[in-house]
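Structure first, commentary second.
Computed from a predicted model, the values in this text were never measured in an experiment. By convention in this document, chain letters (A, B, ...) are assigned in the order of the sequence lines, proteins followed by strands, and residues within each chain are numbered from 1. The figures here come from the full heavy-atom set of this structure, side chains too, leaving out hydrogens, waters and symmetry mates.
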Amino acid sequence: MGQRILIVEDSPTMRQLLVFALRRLKDVEIVEAHDGMDGLRKVSSDHFDLALIDINMPVMDGLKLISLIRGDENLSSIPIVVITTEGATEDRERALSLGANEYLTKPIQANLVLSVVKGLMKPA
Amino acid sequence: MSDERNELFSRGEEFLQIFKRGADFTRELLVENQRLRTSLASLEDEQNAAARSPEEWEKYRGELTSRLEHLEAEYETVRVRLHQVEEENQQFAERYLEIEEENNNLANLYVASYQLHSTLDLDEVVKIIVEIVINLVGAEIFAVYLLDGNSGELGVAAHEGADPEEFPSCAEGKGVLGQALESAEPTCWDPTQETNLDRPIVCIPLVVQNRPIGLISIFGLLQQKDGFSALDHELFTVLGGHAATALFAARLYSQSERKLNTIQGFIDLLTK
């Protein structure tokens with residue numbers, strides 16, 4: 001059975017770019033969510049092996065989504081990678097303290113995203 | 001009495017036979033021992049003769065030297081080949097990294113142009129330009145200027161990092177922005193300079209068929225971005241061309257939509 005990755009990102013450009021990068025992983029299904037609320041709905045209703053989450057999003061931001069995921073015992077073990085424009089140390093620390101496993105800043109390097117995702121996903 | 005004597009004779013005869021067989025076996029062993037001694041002595045003689053012979057010695061030495069040279073040559077060939085393989089390996093690794101980077105760059109450019117042409121809605125196109133400038137280029141403070149079809153002036157259509165009135169005005173040929181617009185080519189300045197809204201670090205004229213229709217002007221980069229890569233320059237070129245045509249197409253589409261609605265209104269009036 002393949003693994004599933006959820007991309008929660010409001011920018012269609014970034015979503016497409018991330019899908020492009022993650023398609024190089026074998027047996028991985030990619031699901032897209034266009035804001036935090038959509039992401040919460042999708043992550044709660046299905047199984048995911050990893051979530052890539054943007055911080056600045058409409059309806060519900062990424063930090064709120066991370067804290068909700070970590071607060072739910074059924075979802076708390078999902079590895080979370082934050083991908084954001086916010087490069088300040090305090091933003092990074094805040095996201096990591098809320099439970100994000102990795103923090104990557106934009107503009108992204110596809111190789112870096114891939115290696116981080118590979119490192120966090122358990123073997124199928 | 002005679003029976004006892006006969007039995008003694010018979011037993012004596014048996015012992016005599018056993019001794020005879022023992023004597024024969026001992027003789028055979030002595031003969032074999034002599035044969036082996038002779039053979040060993042002969043072998044020792046041969047070896048001693050070979051060791052004493054200079055020709056034999058030379059022959060052995062020659063054979064060993066030749067074998068040694070052959071092994072040394074083989075070692076050298078293997079060493080050279082190993083070095084070549086290591087170099088090839090290094091080249092492959094470098095090429096792999098280059099291809100990976102090229103792949104990444106192409107993905108960025110593809111996504112940028114794909115997104116720019118994914119809609120005919122003018123506001124959507126502007127939004128996509130903003131997304132590309134933030135997410136793909138890594139700009140923090142910038143403005144997108146668009147030419148007003150009626151007034152012929154460039155106004156701020158989208159902005160990030162500052163209020164619209166803080167951005168400098170842009171008129172063709174006037175000031176840094178105007179001159180950059182006139183050049184019709186993306187222009188870059190020192191990206192590490194301190195943020196100043198009078199001094200852009202990048203100006204990307206949006207030009208369709210030699211007619212400027214707008215300008216993207218970047219004044220500051222995200223804090224994690226310390227300069228421009230080759231990909232950034234490619235993105236500036238893509239933005240200059242594709243964003244301009246996408247904006248132009250969206251404007252034409254909205255104008256044709258408006259005209260179509262007007263005509264439809266007239267037709268409806270006439271037919272009612």
Side-chain angles (χ1 to χ4, degrees), chain A residues 7-26 28 30 32-35 52-59 61-62 81-96 100 102-118, chain B residues 96-119 121 124-142 160-161 191 218 220-236 238-239 242-243 246:
Chain A
I7 299 172
V8 189
E9 165 70 72
D10 61 321
S11 157
T13 310
M14 272 309 293
R15 286 205 303 270
Q16 192 182 16
L17 197 62
L18 288 169
V19 169
F20 246 83
L22 297 172
R23 259 194 213 149
R24 287 159 65 186
L25 297 170
K26 282 181 185 165
V28 168
I30 301 158
E32 299 174 42
H34 49 77
D35 60 48
L52 297 169
I53 301 177
D54 183 21
I55 297 288
N56 300 318
M57 287 185 290
V59 189
D61 69 30
V81 180
V82 168
I83 296 184
T84 177
T85 52
E86 310 301 328
T89 312
E90 53 268 32
D91 294 316
R92 173 186 291 270
E93 282 169 359
R94 188 157 176 233
L96 294 175
E102 283 286 350
Y103 191 92
L104 303 178
T105 52
K106 298 175 188 175
I108 57 155
Q109 285 291 315
N111 293 348
L112 183 61
V113 174
L114 271 181
S115 73
V116 164
V117 166
K118 278 183 196 166
Chain B
Y96 179 78
L97 285 178
E98 280 172 19
I99 290 169
E100 282 275 304
E101 196 183 335
E102 191 73 11
N103 212 10
N104 184 42
N105 293 356
L106 286 173
N108 274 270
L109 297 174
Y110 171 79
V111 168
S113 57
Y114 179 93
Q115 290 293 332
L116 284 169
H117 296 294
S118 64
T119 178
D121 183 291
E124 275 290 307
V125 175
V126 173
K127 197 175 146 202
I128 290 164
I129 292 171
V130 170
E131 272 186 21
I132 291 169
V133 176
I134 295 173
N135 295 307
L136 272 51
V137 176
E140 189 171 33
I141 305 166
F142 64 92
E160 278 288 329
I218 300 172
L221 298 175
L222 294 169
Q223 73 172 80
Q224 62 269 23
K225 175 112 181 166
D226 49 12
F228 296 126
S229 62
L231 170 63
D232 293 324
H233 293 286
E234 295 279 356
L235 278 169
F236 299 155
V238 165
L239 279 168
H242 288 249

Seminar exercise, completed: Here the gap from T13(A) atom OG1 to I129(B) atom CD1, rounded to the nearest 0.5 Å, amounts to 10.5 Å
Exercise. Can you tell me how far the OG1 atom of T85(A) sits from the CD atom of E140(B), to the nearest 0.5 Å?
Worked result: 8.0 Å
Exercise. Does CD belonging to E101(B) count more than 12 external heavy atoms closer than 6.0 Å?
Worked result: no
Problem set entry | Under 4.5 Å from any heavy atom of chain B - which part of A21(A) | neither
For this session: Sort N103(B) into side chain, backbone, both or neither according to what part of it lies under 4.5 angstrom from a heavy atom of chain A.
Result: side chain
Problem set entry | From Q109(A) atom CD to S229(B) atom OG, the distance as rounded to the nearest 0.5 Å | 7.5 Å
Problem set entry | Contacts with chain A made by residues 130-138 of chain B (heavy-atom distance under 4.5 Å), listed by residue number | E131(B), I132(B), I134(B), N135(B), L136(B), V137(B), G138(B)
For this session: Could you look at R23(A) and say if it's the side chain, the backbone, both or neither that has a heavy atom under 4.5 Å from chain B?
Result: neither
Problem set entry | Option that, when pairs with chain B are counted at under 4.5 Å, heavy atom only, ranks first among M14(A), E86(A), Q16(A), K106(A) | Q16(A)
For this session: State, to 0.1 Å, how close Q224(B) and T105(A) come at their nearest heavy-atom pair, and which atoms those are.
Result: NE2-CB, 3.3 Å
